[in-house]
Each structure stands twice: as C-alpha cells, then as structure tokens.
Amino acid sequence: MEYPISRRLTDVHRSATIALSDQARTLQEAGRSVINLAGGDPFFSTPEHVAKAATEAISEGFTHYTSSRGIPELRAAVAAKIHERQGVDRDPGDEIIITPSAKHALFISLMAILDVGDEVLIPTPSWVSYGDMARLAGARPIPVKLSARDDFRISRELLEAAVSPRSRVLVINTPNNPTGRVLSFDELREIVDFAEAHNLIIVSDEIYEDIVFDEFQHVSITELAGCESRTLVIGGFSKTYAMTGWRLGYVSGPREIIEQALKVQEHTVGVAGSFIQRGGLAALKGDQAPVRAMIAIYAKHRAIVDEGFRDLPGIEFRKPNGAFYAFPGIPAPRFSSSTQFVQWLLEECGVVVTPGSAFGPGGDGHFRISMAARTEIIEEGIRRICDAVARLS
C-alpha cells in the first residue's frame, strides 16, 4: 500500500545525535565493547532535593493539568532568574511559557513567527534540530557557514552575505553545541546591530548558560540595550540540573510573540507535567551546590580531552569555552569526510562520536565528542581514539 506522507517531511531528517546514541546502545546490547561519546545526556543523577520535590507533589496528588503557561510559582522563579542574571524584566503572567523541554520551547517559538517561504538564518556548525524545525514550520533554513580558521566566530559580514528580503529569524546558541564556543560581547553587539538593520527576530538558545569554563562568562544577548524587544530566549533544566528525562524548559520574550507561541503549546502538548514543574521550581530555588559540582566534573573531563589531543599528530583541537562538547578536527588528508572518520573510529576502536557534517556547513572536517559521560568512560574513550589515530602515523 502506498501511504500518504506529508511533503513537508520530505526534507526533514531524523536527529543524527539520537540515531548515533541508539546505534551505540544496539551494539552494546549485542555484546560489543562500545564507548558512547555521541550523546548529550549528563551521567549525573538529578539532585536529590529536585527529585524529592517532584515525588512529594505526586504524593500530594498534584498530578493534573496546570495552566498552559505553567504554574505561577515556576514562572515567577524563571522571571526572577532572568532579572538577576540578565537585568531584564519579563512579566511571568504573559511573557514566559513553561514547556515540556527546551526543544519544545524552540519549536513553538519558530511556529509562532514563521510563515511558508520565510527564511531562518542559522550560523553553522549548529545543533542538528534548528534547520529541521524551520522546515517543519514551512520555512527555509539558511546556513551561515562559520570557519574553524576564525574559531567559528560570527561576523556582521557573514550575516550580511546570507540575509535576504525573506529573512525573518536569526537563531543563535551560546555556549554553542557542537563547538563549545561562548559568544563574545563584540559578536553579540554585531548580531544586535544586524538584526535591528534587517528587522529580524532573534531566537537565542541558552540551554548551556551555566556550563562555562575558566575566565569565560555567558552573556545573554538580551542584556544589550534594546534587544529584549526582538528576542526570544530559550532555557531549560536538562543540562544544568541533569534533568534530561524530565523534559522541562521555558521560553521568554515579548508578550506579542509569547501569546502566539502559547497557541501552539495548547494545541500540541497542552502543558508541561505538573509534578515535573514542581521539580523545576525546587531546582531554581534550592541548593546550587550540585550544579557547581557537576560543572567541576565537566572541567575535569575537558582537561582529559585536552591532554589527550593537545599534541596528537593530525588532530586540530581547541579547548571549548563552555557546554560539554569538544569539536576536534579529523586527521587530514587521511579521511575525506567526518562521516568516514567516525565510521572508521567505530570499526577500529569501538568509540561512537558524532560526525561534524551532522551540524551543517562548516562542521565537516570535525567530529563532536560529548564530555557528559562518566569520567572512566571519557578516559577510556579518549585513550582509544588517541591510540587509533597515533597508529595512523
């Protein structure tokens, strides 16, 4: 039987990162010794006080629908966090939506803004879902190819070369997945000036905002004067609080857009989980020591990766500024593509990483390593990769 399939899905692909993690699990279940450095799921358990708040909510019977915007207490806590960190006042009544995952926050934001034929500017390498979400909204993703030679810096010149009369949205991500870069203040200023000149909405994915290293600091683009009126900020709990399975995020922005995004939420998932929101409230208002401890472990993992790759012939490596990913170059000219190299690594030493090509133009020639696994897994995975690459020479 020939089934009717939406033409909209013709150019939409499965998530490469999820597919690779699934492949790693399948190989492990088959008995093969496989190290999975492809996924973005922190190995830590959710902090105890967060889990306790959610289980207590279940015991109390707090298991029914909430407001589609999210429980008032959590929206207020998010607004307080935004004010404290960004100096921006967002009304928890109509400028914040609590969503079942930051991914859904991004989806409803794009659905609220885009029409068929619109264009979305996406600096690449970038997270795998930005482009496909734009396609699901009927829009066309326009990659803005960044260069490793310039440390993947976003410039006004590159943005101007990609913009057109159909451009409506610019998506940015800092700290960045997959490169680990933190956007500088100068870059953010250029982005704001560019968006104002072309009347673009900025969608700023800040899911890794708490995970930064050394002297680097996360700066939200809404901290720049006048930018809050044209910016939606995506945030969440998955990475900072090791709550990936909980599916809890939020979007904040101008009420005119938030009201439209709310319609998409109400006609898709409806609401975020009630007791899950109680957990998110405990995460924001409770002890932050577990977060600091997790970031310290990520910094240790970063040092392990740096030590392994720093002097390894054939691998070009820059220490990430933030997030928990590293984005080394593949050994050239031995391998013609990142996909070829990643497949070779799996066959040669049983390590699963993500090809840079999955992250769009500018990504090929690199591969992404997740530093979110257990320390012993990171150590063994980096040892295997380094030994395999060393044998090439």
Side-chain angles (χ1 to χ4, degrees), residues 15-46 175 177-180 208 211 213 238-239 242 244-245 290 293-332 334-335 338-359 363 365-393:
S15 166
T17 51
I18 293 175
L20 283 164
S21 292
D22 288 347
Q23 181 185 19
R25 291 189 197 96
T26 299
L27 290 169
Q28 289 167 340
E29 289 166 1
R32 184 166 178 192
S33 173
V34 172
I35 298 293
N36 182 7
L37 300 182
D41 189 354
F43 77 89
F44 304 101
S45 297
T46 301
N177 172 14
T179 66
Y208 296 99
I211 306 172
F213 306 113
S238 290
K239 312 301 182 179
T244 51
M294 285 187 265
I295 294 170
I297 296 297
Y298 292 139
K300 178 181 178 180
H301 292 176
R302 175 176 174 255
I304 292 170
V305 177
D306 179 55
E307 183 178 355
F309 288 156
R310 189 187 312 144
D311 300 316
L312 186 64
I315 295 285
E316 180 183 337
F317 177 70
R318 294 178 178 85
K319 290 174 72 174
N321 310 149
F324 43 60
Y325 305 107
F327 203 55
I330 66 172
R334 174 64 175 78
F335 297 94
S338 57
T339 302
Q340 182 189 28
F341 175 69
V342 165
Q343 189 61 38
W344 175 82
L345 267 187
L346 177 58
E347 296 170 356
E348 182 73 13
C349 63
V351 177
V352 179
V353 295
T354 309
S357 57
F359 304 101
H366 295 78
F367 63 104
R368 192 192 75 172
I369 292 172
S370 171
M371 300 184 294
R374 296 182 181 278
T375 302
E376 60 269 23
I377 298 297
I378 300 290
E379 290 174 332
E380 175 64 11
I382 297 304
R383 183 193 67 77
R384 290 190 190 187
I385 293 172
C386 290
D387 286 351
V389 172
R391 288 195 295 271
L392 287 173
S393 57

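Keep in mind that this is a model prediction, so the values were computed, not measured.
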Task: Nearest-0.5 Å distance that lies between atom NE2 in His366 and atom CZ in Phe359 - done: 12.0 Å
- [ ] Mark yes or no for whether Arg368, through its side chain, and Ala38, through its backbone, hold a donor-acceptor pair below 3.5 Å.
- [x] yes
- [ ] State the CD1-CD1 distance between Ile382 and Ile304, to the nearest 0.5 angstrom.
- [x] 8.5 Å
Open item on the list: Check whether Ser338 reaches the backbone of Ser357 with its side chain - one donor and one acceptor, N or O, closer than 3.5 Å.
Closed with: yes
Task: Straight-line distance of Glu307 CD to Glu379 CD, nearest 0.5 Å - done: 9.5 Å
Task: Geometric class of the Phe309/Phe317 ring pair [parallel <30°, tilted 30-60°, perpendicular >60°] - done: perpendicular
Task: His301 and Thr375: side chain donor to acceptor below 3.5 Å - done: yes
TODO: Could you please spell out the steps behind the salt bridge (charged side-chain N to carboxylate O under 4.0 Å, His left out) verdict for Glu380 and Arg384?
DONE: CA-CA 6 Å; Glu380 175 64 11; Arg384 290 190 190 187; 2.9 Å; yes
Open item on the list: Taking atom CD as the centre, does Gln340 end up with more than 12 heavy-atom neighbours from other residues, nucleotides or ligands that are less than 6.0 angstrom away?
Closed with: yes
Task: Pro42 and Tyr298, any side-chain heavy atoms less than 4.5 Å apart - done: yes
TODO: Look up atom CZ in Phe341 and atom CG in Leu392, then write down how far apart they are to the nearest 0.5 Å.
DONE: 7.5 Å
TODO: Would you please indicate if the ring centroids of Phe43 and Phe324 are separated by under 6.0 Å?
DONE: no
